[in-house]
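Taking it in order: structure first as structure tokens, then the write-up.
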Amino acid sequence: MTPKPKQLAFFAMHPLPRLALLFALVQGIYSISLAVAAVSVLLLFLFQLSRKFSWARSMRVVLSISLATAIFCAILLLVDGGTIRGDLFPIALRIWLFLLSIVLLWNYLDAFSAFDSVVLVNLVWARFLPTGTASYQTALVASAFASALRSVPKIAMELVSELRSRRLIRRPIFLQVATEGFTTFSCELLNVASEFHEEWFFRFSPKAGSLSRISGSWSILDLAAFALVCGLFSLSYFLT
Amino acid sequence: MKLVARGFLKRAWNSSDATAVEAEAGRGAWLCVCGSVGSGKTTFTKFLVGIIPHLRNSQLVSGEVQIDGRALDTELFEQLRGNIGYLPESSRVGIIGRTVGEARMMNSAAQRFPTALPSARLLDLGPHTTVSSLSFGQRQLLRIEGVVAAGAELIALDDPSQGLDSHHRHLIATELVPALSHRTTLIIATHDELLTRTANNKLVLGAHANSADAIAEDLWEGLRSVKISRVDFALRWSQLRVGYSGGFQRIVEGGELRPGETVLLTGRNGTGKSTFARVLAGHSQPIRGRVEIAAPSRKRSLGHVEYAGPDSSRCFVFSTVADEFAYTYELRGLASFSTWSRQFLEVICGRDVWKQNPRDLSAGQQRFVSLLLRSPASEVLVLDEPTMGLSPSTTGELLRYLRHLTDIGTALVIATHEPGEFISLNPKVQNFDS
């Protein structure tokens, strides 16, 4: 039987615990960002040591993944706030990191670009999750967000080009146009995210119950993934 | 899978009039949803596949959809959704991957059923071609491939032939659609005459008064009274190399465009029409060669080359259509054109269009608004597929408007797959197939 969609517990909370949780969120995101930054620096050196990528490209890949991780964690904490003390968050994060490490490797072999890797990981992950759970929705939201993030420079450039073309960048109306422009920019991002969701929602169907069957062995898989990534990085370093 | 729908469709969320709509689709009888611009084709298609109300709310449509005799409620939607394929009208999303090969890899990762069509490869390009270098039409082909590859049993395609050349439109209408309709329940929302002609199960959604008769002659007289001053000029380009360094490139011979002239850029998908149009409009730089405007006097506001691309949804800045026109024209001393375009738009898109958020308009309405936002005072208008997503009657009105612009001296550069539509503008044709 398909589980019922979970209510967003965070928004249903009393204001005081919600404030405390928000404080914890900020601390949590800060700690995660620090950890991600540390791992990123390590990866950057690994990329560079293996002499596969230029510094600029290594930086781009690592920064994209760090940013996407931080955003993903933020969304996960917000949507899944009610179960923050339960098992779901660590399990979800470990599954996500495991998949990310695999695709990171794929990325390293030049098969995928950074943001597409994040989208792919989330979509594949969503496929294993029971429909309607907060984690499943989080995976889709995070994919949509990563996809929208990839569109940021293009949307901004198109907007500026439109403003210039219509002679709207000038003093008397600058403030008004800037305010409207910023709203437009945000709307466009949301539009891209929701269109992405509509289209890809149908393409990846989840298999209900898959998570509960495989969640028991994640620690072994974590180690296996870590060993695999380290081993292959070392191997490529010696081979190149 | 047999689909039966009974619903009520409104034209605007605050409108009290709702039209009753009924539709049926099944294997071998694909459903063609057609109708005028803004008649609700996209909204109703989303309703048929369950996006409304399960993924997105809309106050424009209500009713019930039954699939194989069961009401499409949240539970059935969740069960079926892996078996539904949907191609949205907007081409902004839908392709994940840096190259064509990666995108196809993603599509095959999403493939769940062995029934996917083996002949679904529409785009004739190698796996290493980067997605960013694809033309609008090529991206559309790749998106269609993705939806078809998943092999779902219920497929909805929203305007699949937009931006496609006649070869690919023909391929879709005569090969892909018949093959799909035998295996799946297929719904297509479209203006394409080729598709509507071959459909035997048509749903024509309520048109409102936007026929040619509805545009009164005095409205066109009003346009003639809008005073626009311009100087004699010529847009010249030397031999240009356009495209992407390390990717697709094309050499275009030198040429010249004078006031009132029209040049049509025609050719198959991916031959470089749009790239050249963007270079002429100054939105891209050529790899070699240059484009310049030559005029005896540069004192006037010369140098206005305006561009309307194939994706019109990204050209809006303000929160109402009225503001878009007010800030664009009234502050530039063209208030009389703003007033005229208001009357024109009300005839084409309905009375309440002026108050609406431009992002809430249908794709065809957005295209029309975006074209009217290109100033008639500009010396050159570069339009990429201006009739895409427009119904035949709306296309007729647009052509009449463009003819007026050429009469007052505006030069037009139009990239199109439908050169026949622009014959009345007496165009010069530049074919990119050679």
Side-chain angles (χ1 to χ4, degrees), chain A residues 1-5 110-117 119-120 123-124 127 131-132 143-144 146-148 150-151 154-155 157-159 161-168 170 172-173 176-177 180-181 183-185 187-188 191-208, chain B residues 46 49 51 55-56 74-75 78-79 81-88 90 92-94 96-99 101-103 105-107 109-112 143 146-147 149-150 152 281-283 301 304-307 309 311 313-319 323-324 327-328 331-332 357 359 373-375 378:
Chain A
M1 194 182 145
T2 316
K4 294 277 178 222
D110 210 13
F112 276 93
S113 49
F115 274 117
D116 294 333
S117 311
V119 173
L120 178 75
L123 288 175
V124 172
R127 205 175 168 165
T131 323
S143 315
S147 179
R150 196 178 48 170
S151 311
K154 200 176 172 211
I155 291 174
M157 275 168 63
E158 282 181 6
L159 185 63
S161 139
E162 185 66 28
L163 291 173
R164 286 179 61 186
S165 168
R166 279 158 63 187
R167 312 282 191 276
L168 288 170
R170 52 190 172 145
I173 53 165
Q176 219 151 349
V177 169
E180 294 271 10
T183 316
T184 303
F185 181 70
C187 282
E188 280 300 319
N191 268 344
V192 169
S194 78
E195 281 165 13
F196 177 86
H197 183 210
E198 274 179 13
E199 186 164 359
W200 284 87
F201 182 82
F202 291 119
R203 293 212 199 161
F204 279 86
S205 61
K207 289 172 184 163
Chain B
K46 284 184 177 178
V49 294
I51 289 177
L55 281 186
R56 182 175 280 211
T74 308
E75 195 182 335
E78 287 298 343
Q79 281 174 20
R81 72 174 187 77
N83 220 346
I84 298 174
Y86 176 64
L87 177 81
S90 163
R92 290 185 289 198
V93 288
I96 299 179
R98 194 170 45 84
T99 63
E102 286 178 18
M105 200 194 299
M106 276 300 291
N107 289 338
Q111 186 177 323
R112 296 168 300 262
R143 293 173 67 225
V147 174
H283 280 236
S301 54
H304 285 188
V305 181
E306 292 211 25
Y307 171 76
D311 187 357
S313 61
R314 288 239 175 112
C315 79
F316 302 116
V317 181
F318 300 97
S319 48
D323 279 354
E324 293 284 351
Y327 281 102
T328 306
L331 289 169
R332 285 165 79 176
N357 188 317
R359 292 164 207 90
L373 284 172
R374 308 296 129 191
S375 169
S378 51

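Just so it is clear, the model here is predicted, and its values are computed rather than measured.
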Who are the side-chain contact (heavy atoms from CB on, under 4.5 Å) partners of A:E158, not counting sequence neighbours?
A:K154, B:R314

With side chain to side chain contact (heavy atoms under 4.5 Å, CB included) as the test, would you mind laying out the steps for B:N357 and B:F316 before giving the verdict?
CA-CA 9 Å; B:N357 188 317; B:F316 302 116; over 6 Å; no

Looking only at B:L87, B:T328, B:V317, the option with the highest number of non-hydrogen pairs under 4.5 Å against chain A is B:V317

When heavy-atom pairs shorter than 4.5 Å are enumerated against chain A, which of B:I51, B:D311, B:D323 gives the highest number?
B:I51

Under the salt bridge (Lys or Arg N to Asp or Glu O under 4.0 Å) rule, collect the residues that match up with A:E180, sequence neighbours excluded.
none

Please check if the side chain of A:R166 supplies one atom and the backbone of B:Y327 the other of a donor-acceptor pair under 3.5 Å.
no

Which class fits the ring pair B:H283 and B:Y307: parallel under 30°, tilted 30 to 60°, perpendicular over 60°?
tilted

B:R359 versus chain A, the contacting section by heavy-atom distance below 4.5 Å:
side chain

Closest-packed option against chain A by number of heavy-atom pairs under 4.5 Å, given B:G146, B:S375, B:A281:
B:G146

What part of B:S319 lies closer than 4.5 angstrom to a heavy atom of chain A: side chain, backbone, both or neither?
both

Heavy-atom cut-off 4.5 Å, strictly under: side chain, backbone, both or neither for B:S378 against chain A?
neither

